[in-house]
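Just below is one structure, and these are the notes that go with it.
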Amino acid sequence: MLTISLAEPVPTPFDFEAAARSHGWSALVPFTWDAAAATLSRVQRLQSSGRVVRLHLREGHPNGSAPFVAVEVETVEPLTPGEEAEIRRAVRRMVRLDEDFSEFYELCAQAEGWTLRVQPGGGRLLRCPTLFEDIIYTLCTTNITWAGTKRLVERLTALLGEPFSGRDEWRAFPTPAAIAAAGPEVLRQEIRLGYRSGYIWELASAVAEGRLDLHEALEDPTLPTADLMRRLRQIKGVGPYAAATLLMILGRYEHLAVDTELVSHVSKKYFGGQPASEAEMRAVYAPWGRWQYLAYWFDAPD
DNA sequence: TTCCAGGGGTAGA
DNA sequence: TCTACCCATGGA
């Protein structure tokens, strides 16, 4: 077994722990968060080669040099340059090293009467290495408790994910091809994805067969958000909540994901525990414009 | 037993 | 665009 160390440069300010932990994704396998070591780990199957590696990310502690994310790669064989490049891209995507939050920070500094829990360098919400994985995670958060979401993702990974170095307990998130090959009945009866089974199987099949290129269709920074929203809603199983969540994943924060958590928070904090209409709830965060998802996300409970 | 969860599709208006 | 109604599963 080899351990290869990489250092990925980060923008300033940057808060690694906030990036890893502000979003619930870090609690979904194959992510694990080690609080004592402040380390985010993930078993990862590299798309370029099919090799499965383990990644361990933590904050670099430079002596006078530029800050970085320290990446340890556990691998059975040395990495090719292509594999190393893929890992660096995955790290940059996961903790959003290429996203500019300066306007959001300025708004936070000027926002009187708001108590947003954002530290300098915060605001980054963890993503998966690929959009496909983010979409499956998101579909597993609809109409279910958070404990249920964790169970679904655990079973999906345990049954269909590829193990790292023969270790059953360390499996990568399943590929579209593995989910497609399993078929909707396995998803329904063994992984117990319920009514999500058909949606997830359809999406995985479309990606595996090359009928849908998620990166090409949805990760185009020049595409207007309204068009992105339309494309996301064409995915079966993606409704208003999931689409807004995925727009957040894509770095577009102008739509609120209205779910029971948001309803509960807004009712308690702004309406004295009384019910409010969706329009009234949206109006609370409307002043934040294209940053309203983050304003809600980091809004202090009371 | 019943309700409902970090909702969404479909049909019908 | 809005509203009923149905959809699987599991915890409370």
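Chain A is the first sequence line, chain B the second, and so forth, proteins listed ahead of strands; every chain is numbered from 1.
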Applying a 4.0 Å non-hydrogen cut-off, can you work out what [X] is touching in the nucleic acid: base, sugar-phosphate, or nothing?
X: A:A147; answer: nothing
X: A:V238; answer: sugar-phosphate
X: A:G148; answer: nothing

Would you mind checking if A:E133 and A:R42 are paired as a salt bridge, meaning a charged N to carboxylate O distance below 4.0 Å?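 Looking at A:R42 and A:E133, the cut-off is met.
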Sidechain N-carboxylate O distance under 4.0 Å for A:E202, A:K236: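 Salt bridge flag = no for A:K236 with A:E202.
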Phosphate contact ([N] OP1 or OP2) by [X] side-chain N/O below 4.0 Å:
X: A:T245; N: B:dG6; answer: no
X: A:R192; N: C:dA8; answer: no
X: A:R151; N: C:dG11; answer: yes

From C-beta outward on [X], which listed nucleotide comes closest to its side chain: [options]?
X: A:A242; options: B:dG8, C:dA8, B:dG6; value: B:dG8
X: A:K236; options: B:dG9, B:dG6, C:dC7; value: B:dG9
X: A:R233; options: B:dG8, B:dG9, B:dA5; value: B:dG9

Could you tell me if the ring centre of A:W114 sits under 6.0 Å from that of A:Y285?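 Yes; A:Y285 has its ring centre under 6.0 Å from that of A:W114.
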Between A:Y137 and A:F173, is the gap from one ring center to the other below 6.0 Å?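 Yes: the rings meet the under 6.0 Å criterion.
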Work out how far the [atom1] atom of [N] is from that of [M], and round it to whole angstrom.
N: C:dC7; M: B:dC3; atom1: C1'; answer: 16 Å
N: B:dG8; M: C:dG11; atom1: P; answer: 22 Å
N: B:dA11; M: C:dA8; atom1: P; answer: 15 Å
N: C:dC6; M: B:dG6; atom1: P; answer: 23 Å

Whole angstrom is fine here: how far is it from [atom1] in [X] over to [atom2] in [N]?
X: A:I200; N: B:dG8; atom1: CD1; atom2: P; value: 13 Å
X: A:L139; N: B:dA5; atom1: CG; atom2: C1'; value: 16 Å
X: A:W297; N: B:dG6; atom1: CH2; atom2: P; value: 12 Å

Does one side chain, of A:E254 or A:T225, offer a donor that lies under 3.5 Å from an acceptor on the other?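 There is such a pair between these side chains.
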Base C:dA8 to side chain A:N143, donor-acceptor N/O within 3.5 Å cut-off: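 In this structure, the two groups form a donor-acceptor pair.
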A:I235 or A:H23: which one's nearest nucleotide on DNA chain B is closer to the 5' end?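 Residue closer to the 5' terminus by nearest nucleotide: A:H23.
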